[in-house]
Amino acid sequence: MPQVKIIAKNFMDMVASLTAIKLDKLYNNVFICEAILRSLPPLAKKYVLQLLFIDDPVPCTRIEEWVLPDGLSKHRVAIDRLIQLRIFTETVDRREGTCFSLNPTFQNNLQKHIISGGVLPREPMNSSNGIKLPSLQELETYALQQWECFLLQLINSGQGEKLTGISSSMMKVFQRGLLSQRDRDGPRLTESGFQFLLMDTNAQLWYIIREYISNAEERDVDPADLISFLLELSFHVTGEAYNLNTLTDVQRTTLKDLADLGLVKLQQGRKDSWFIPTKLATNLSVSLADSSVRKEGYVMMETNFRMYAYSTSKLQCEILRLFARIEYQLPNLIACAVTKESLYNAFDNGITSDQIITFLQQNSHPRCADRVPSIPENVTDQIRLWESDLKRIEMTQAHFYDEFPSKDVFEGACNFARQWGGLLWEDSKRMRLVVKSEVHNQMREYLHTQGN
Amino acid sequence: MSNQRKRPNGEREEDDEEDDAEGIGQWERAYVDDRSWEALQEDESGLLRPIDTSAIYHAQYRRRLRMLSAAAAGTRIQKGLIRYLYIVIDFSRAAAETDFRPSRMAIMAKHVEAFIREFFDQNPLSQIGLVSIKNGIAHTLTDLGGSPESHIQALMGKLEAAGDSSLQNALELVHEHLNQIPSYGHREVLILYSALSTSDPGDIMETIQKCKKSRLRCSVIGLSAEMFICKHLCQETGGLYSVAVDEVHLKDLLLEHAPPPPAIAEFAISNLIKMGFPQRAAEGSMAICSCHKEVKIGAGYTCPRCKARVCELPTECTICGLTLVSSPHLARSYHHLFPIAPFDEVPTLTSANDPRRKLGKSCFGCQQSLLGAGNKPGPCVTCRKCKHYFCLDCDIYIHESLHNCPGCESIHRPKSVSLMEE
Amino acid sequence: MSDWQVKYKSSLKDRGTEGILKLREGMLLFVPNDPTSDSKLKVLTPNIKSQKYTKEGSKKPAWLNLSNKQGDSHIFEFQNYQDMHACRALITKALAKCEEEQPKKPAAVLTSAEQLSIADLELRFKRLHKEFVETKVLTEDEFWATRKKLLGKDSIRKSKQQVGLKSMMVSGIKPSTDGRTNRVTFNLTSEIIFQIFAEKPAVRQAFINYVPSKMTEKDFWTKYFRAEYLYSTKNTAVAAAEAAEDEELAVFLKPDEILAQEARQKIRRVDPTLDMEADQGDDYTHLMDHGIQRDGTMDVVEPQNGQFRRSLLQDLNRHAAVVLEGRNIDVDSENTRSVAEALARVKQVSKADGETTKDANQERLARMSRLAEMEDLQAPQNFPLAPLSIKDPRDYFESQQGNVVNEPRGAGTLKRNVHEAYGSLKESILEIRTKGLRDPLIKPEVAFEVFRSLTQTISTAKNIIGKNPRESFLDRLPKSTRDEVLHVGKLKDAMSNSYSQLEAMKESVQSELRHQLSLLVRPMQQALDAAFQHYDADLQRRTAKSARGSAGEANGSV
Amino acid sequence: MATVASKLYSDDVSLLVLLLDTNPLFWSNRSTTFSQFLSHVLAFLNAVLGLNQLNRVVVIATGYCSCDYIYDSSLTLSGNSESGRTGMPALFGSLLEKLEDFIDKDEELIKEQEHDERIASSLLSGSLSMALCYIQRIFRSGHLHPQPRILCLQGSPDGPEQYVAVMNSIFSAQRLMVPIDSCYIGTQNSAFLQQASYITGGVHHAPKQLDGLFQFLTTIFATDLHTRSFVQLPKPVGVDFRASCFCHKKTIDMGYVCSVCLSIFCEHHKKCSTCGSVFGQSKLDGASTVSDKKRKAPDS
């Protein structure tokens, strides 16, 4: 779905938008370099790797030499991105034309990373020490639980059963844009709110994290630090426990929030406490590029518009409710029907048919997934049709003119409007016409000129 | 006649359902067609589970493998590496039957296409020709040739069924064609027969004898039911006769004909074949290729005898008829000469004193753990020579596609030893 | 072939000359009875344009009027219509034959030319053989294989298949009725007619007897099908009535006499010692066709006038028999009468040499019985497989890579240094494990150099342009075994259309290459022109004095 | 479905199976030491893993007497692909360890076997086969798998006795559409590797100076399959596919092939020296055709 990409990109833009100093500061951390490298488009990665051990600038033409004609656009994208991120520094040589060389800090760190590997600022707790760590599965479920109830809370903060330790102020921050706080009739999900729910976990995560970072200043935290910490976090080993007191205070506070989001699991040891990064955390750097962790699908769409979802999750039920009528709920099965009504109010909420369809495709049960198409055509078509049904009338701001002094003035006006492509309707008999309001001004002037 | 035949797999109910088909909705129809419930079975706790087809599949596979290797009891046998195969497709009235969906005709065409590709992949030095039977007459769709595309085109062009089918006419025609080809070639006929009768102008028995005399190896794959005449034909000429119960089976049966068949002693006539090993023409050089009669820039090969330009290998020089190949094409057939012996199954029950303790618990090929559920050793096989263990998937892959045993290959065995083991 | 007593007249007024009309291969001969008469006549069949003949029943005598391409007409008066029709049939057949010969006229000319001098042919082959086999261009059998292939191609083209009889029963053809009027229409194809004749000798005989003498073909069939219709209604009473007052119709309704006696003959042939007595259990005859009717309805058994009842089983058997016999005559099924006669003739023959065919169908029976054996009793006839005596792949392919083998085989030295070799490996590994990777891994200038050089190769690879596109075309020209063995005619066609192809080729190529191409093509075209000239000259020379010139030379020039 | 999946799964995720030539006889007489070579390779592996955290690397040692897996990035501790990177030691440590005792085993093997005349080649066929088995398993693992490719780092010369096996592997790879890249660091060029890369559409390159090996590797062989679709890589130099005859071992462009065992001869023999089948048939055949030519000629 398009939004995911946008959000993911936005994050890189955030990184890119940092000031040069801050960027260099970022690049001082080996892991950031690594993370950035991964987030680059494939071609860009290749370029970085090629120039990794080359000090003096390399002419652009020489790099371009390797690209086949149909790859040129990709080439340009890659170069732009590299420059934007200040990984490439551009120099102009008399003979060779524009040349590129790697940002030295970045280069050195990456070299180091590749040769001797980066060393985390903290060691994982050695297992000899008696605390039993949660298994990966446990951790996974924990993470998802956390995340889901966070989302639930996010959606219906109206009924305020306090699930997560996230300060309501923080929650407000997240809800900004997703919920529209109307007075009286509690908060409603906005358009983007619904779209948000239909995204896959990583995209959502990144949306939240972005919000989190963007309002870092408000909590007087340096976003750069935040970013670097998050990225660093993503290099910790899932399931390993790390000592909390290796962190700065800022990081600790951040960690608490992250724990609520299910990125890390806090564990109280005998004397000192530990944090255990979950898959969500280690995937932070993943979703910079395309996400890849996908939970198994659970939805089955029938050609008769009935939908069965093998799920126990309350959240997923909520999500389905967005566009389908829940008929009954068994312990592990939600049976619902996609009806005209259910879809209509989904559309009212600004969910597009494409989003719904992609959602269905991505979450369709494995057994349906292997059959093509995973969603029956007649359903997809119907959904589209119903959407287009709503789009029968479109409003355009317009102005209405009449009482023209003479036929030819009227004709002139019509032609003028036509030239401007603003003529919507004309009635030559009674000399009346309707014109888009964009051209109203020109129209007025024109008529004035006619007038005298 | 062929139209009141019953198929084993419950075609009966099918028909009944079709009767009240207009009653039920499209969505139900989908399930009626692909009987999805047949893929389920009840486990001991009474839950529905999908049947794990892999085990079954592997079992079948091993059976087939053993059967084949049984044919070559220990000693190596000659294979018909250079084959001249005519595929005869019966497009008589019966081919319009819809017991194979959408129709026998369509299914035959589909799988023959697949077969042709596979065939040329396995026998690069061989040639195929297509013949169709319609209205009691056999038509030559394509003459013997080495390029899959042309055959497939011709086949797809000719998709309608009508009239009776005549085994004799077909055999006569093919016989005329195959008599022309040189003695070292292995002459084969593969007939896809969907009719339940053959109406012939003359005495078909004589024709069969004729085919036998001129060393045609005729195989038949029936689509409806076993017919005596087909069986007789195959027995006389040393071919295979089989009847497909459903589409999958048909596919398998067809593909069984892709690897070269063991050469029958009295049929096999060894000979030296003159072949050209042309060199690739210089990049960007321009010439007129003799196969398509059009100008080609760059790629192409030059016949060493008549210097004509051909587009791809392997082929027969259109000008001087010399067989043009490249050494890899020969190499493609080598594995037919040196098949690897089927692996032995390892009895899983001996988990207590399991030799696998020593040899590691993972498949030597793909490193997959050989421990099944609950850490008890799962099913696996072992190679007689190198004594390494392999998982079932690797077993199939090694015998079907790879054709050499990773274990034996990764042991350097001095010649003396290897000869001993032969 | 066949002869007839006829009277020949050059025109209707001519009173005509007695004589014998002989139909010979490719021509029609008239030999007058008195040798003195000058009205000998010889008409080449191909020249016959049309043939008219007088209808039966008209009082005119049986005249057959042949008019040939030159437009003059010859009239023969036969003694009876039977002869006349027979003759006509044969002529039409002859005509038909030379029709299908028509297309491959040019080839025919040449072949005839060749036929004239087999010696010459031999000579030619000797020379070809010399040229190719001695000079090791081809091996012995390659040479003949090619030849054989070409000949084979022709033979295949000639041979035409016949269709087997339909496995569907004729009697299955249902009448199509149009609702309003109560008339039923059977539509009748030559195929069906053939089958009817084959299956029902009686009908065939009737046809030969009645048509055209008593009735025209049309009413014959109407009558036949009326009978069929009556039968299908199963209203035997009416059938009986009709049969009573129309004996021709009766013929169709009565059980087939000829068949009956054939059956008797067969029974006579059966070995008398064979015990043909069947016990009660086997006796199905008392239930009529097991109650099956042809159209599935139950049969109303009517004991009286049972003679008009045919049993489905009989029909089935008869049909089966005919189908198995297959189509043992070859006549154009257009002409009904000829078909009938042909079939009749076959029957005669088979009856006549019943004794001779005895052993023939003896051994057929033998084969049948062999086939009829129970499978599990039969010995599984699997063919012995050819053993492959071949060495182990490893040394077998030692030779395959000749170019690699020239590697110094370090056997002797191996022995010694192998262990320190291993030692050194282990050291270096240890070194890394202790020291980690060497840093800097690679000197920047080296890296730069490598990158530059690689880029170099890439860029050169990119703008590689074809070296000499102008490879001499004359070696490309069809000059080899195939054409040598080919007929000149074929070659000429081949060349002429390759000429046009060249033209087309020029068009096909995009403009920038066209010049290059025309350079390529010109010599080829010139060569072709030369070849054509030579060929024409050659042809004239040959036609002038009987085909002396040989294809070889024509090709030689190419 | 597949399309959606592949959209989510970034296209440049790749599985690299590296066949590492550890033939002592080759390394013993080289200017560049094995450690140099190894450090370049390790760095390269690390770089590949760095490009995308889903990338996977498998290293198979191609020994003199045996082959074995010595590294699999997906098997490193705590299973997930991250840890390969947490400490370089993790990667190198395990790899080097495995490598070391592999070499020990290899040496054992060579001890216990008596010596025979043979080229100091390493068992490429073995490691290729193993690699393919592994890749086959990856394909089995579902429709969402990294794009596999094989890279042969070969120094020692081809072993003719492996020809069949190597060819089989090559064709199998071709069928699986797995490109076999080959980087040949030996002295004289390797026909095997050239053919392998040519047939499977991989890249073959023989770097000049080994001290720049890393640069070669990253510039050419680090390119993932997705990127290859729009990037120009060194073209395979024209591979000579002419066969060499069995009798005189000379390369020929026209020859005779035994219809039974496909062995190649440069001139006509009466009897196949390889499989012993007699070609008596041919003349008899010729004679028959002569006669029937006489018969056929007139009516042609």
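Computed from heavy atoms alone, side chains included, the values below leave out hydrogens, waters and symmetry copies. Order of the sequence lines fixes the chain letters, A, B, ..., with proteins taken first and strands second; residue numbering starts at 1 for each chain.
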Taking C-beta and beyond as the side chain, do [X] and [Y] meet within less than 4.5 Å on heavy atoms?
| X | Y | answer |
| --- | --- | --- |
| B:L125 | D:L262 | yes |
| B:D121 | D:F171 | no |
| D:N168 | B:F338 | no |
| B:E400 | D:R175 | no |
| B:Q367 | D:V58 | no |

Minimum-distance pair of heavy atoms, taken over all atoms of [X] and [Y]:
| X | Y | result |
| --- | --- | --- |
| D:M254 | B:L322 | SD-CD2, 3.6 Å |
| B:Y397 | D:L176 | OH-CD1, 3.5 Å |
| D:V257 | B:M275 | CG2-SD, 3.7 Å |

Engaged part of [X] at the chain B interface, taking heavy atoms whose separation is under 4.5 Å:
| X | value |
| --- | --- |
| D:I135 | neither |
| D:I170 | neither |
| D:S125 | both |

**Prompt:** For the candidates B:S401, B:C363, B:C303, which exhibits the highest count of non-hydrogen atom pairs separated by less than 4.5 Å from chain D?
**Reply:** B:S401

**Request:** Could you have a look at B:H335, B:H336, B:Q368 and say which one has the most heavy-atom pairs with chain D under 4.5 angstrom?
**Result:** B:Q368

About how many Å separate [atom2] of [Y] and [atom1] of [X], when rounded to the nearest 0.5 Å?
| X | Y | atom1 | atom2 | answer |
| --- | --- | --- | --- | --- |
| B:S327 | D:M167 | OG | CE | 5.5 Å |
| B:I411 | D:C65 | CD1 | SG | 10.5 Å |
| D:M130 | B:L402 | CE | CG | 12.0 Å |
| B:N271 | D:C258 | CG | SG | 9.0 Å |
| B:S410 | D:I60 | OG | CD1 | 10.0 Å |

**Request:** Sort B:I398 into side chain, backbone, both or neither according to what part of it lies under 4.5 angstrom from a heavy atom of chain D.
**Result:** side chain

**Request:** Counting only heavy atoms closer than 4.5 Å, note whether B:F390 contacts chain D via side chain, backbone, both or neither.
**Result:** neither

**Asked** With respect to chain B, which residue among D:D253, D:V260, D:T62 yields the maximal number of heavy-atom pairs within a distance under 4.5 Å?
**Response** D:D253

**Message:** Quick check on the interface: out of D:A173, D:C133, D:C272, who has the most heavy-atom pairs with chain B under 4.5 Å?
**Reply:** D:C133

Any side-chain to backbone donor/acceptor pair from [X] onto [Y]? Under 3.5 Å, distance only.
| X | Y | result |
| --- | --- | --- |
| B:S270 | D:S259 | no |
| B:N404 | D:A165 | yes |
| D:Y69 | B:G365 | yes |

**Message:** Once salt bridge (charged side-chain N to carboxylate O under 4.0 Å, His left out) is applied, what residue pairs with a partner in residues 121-137 of chain D remain, sequence neighbours excluded?
**Reply:** none

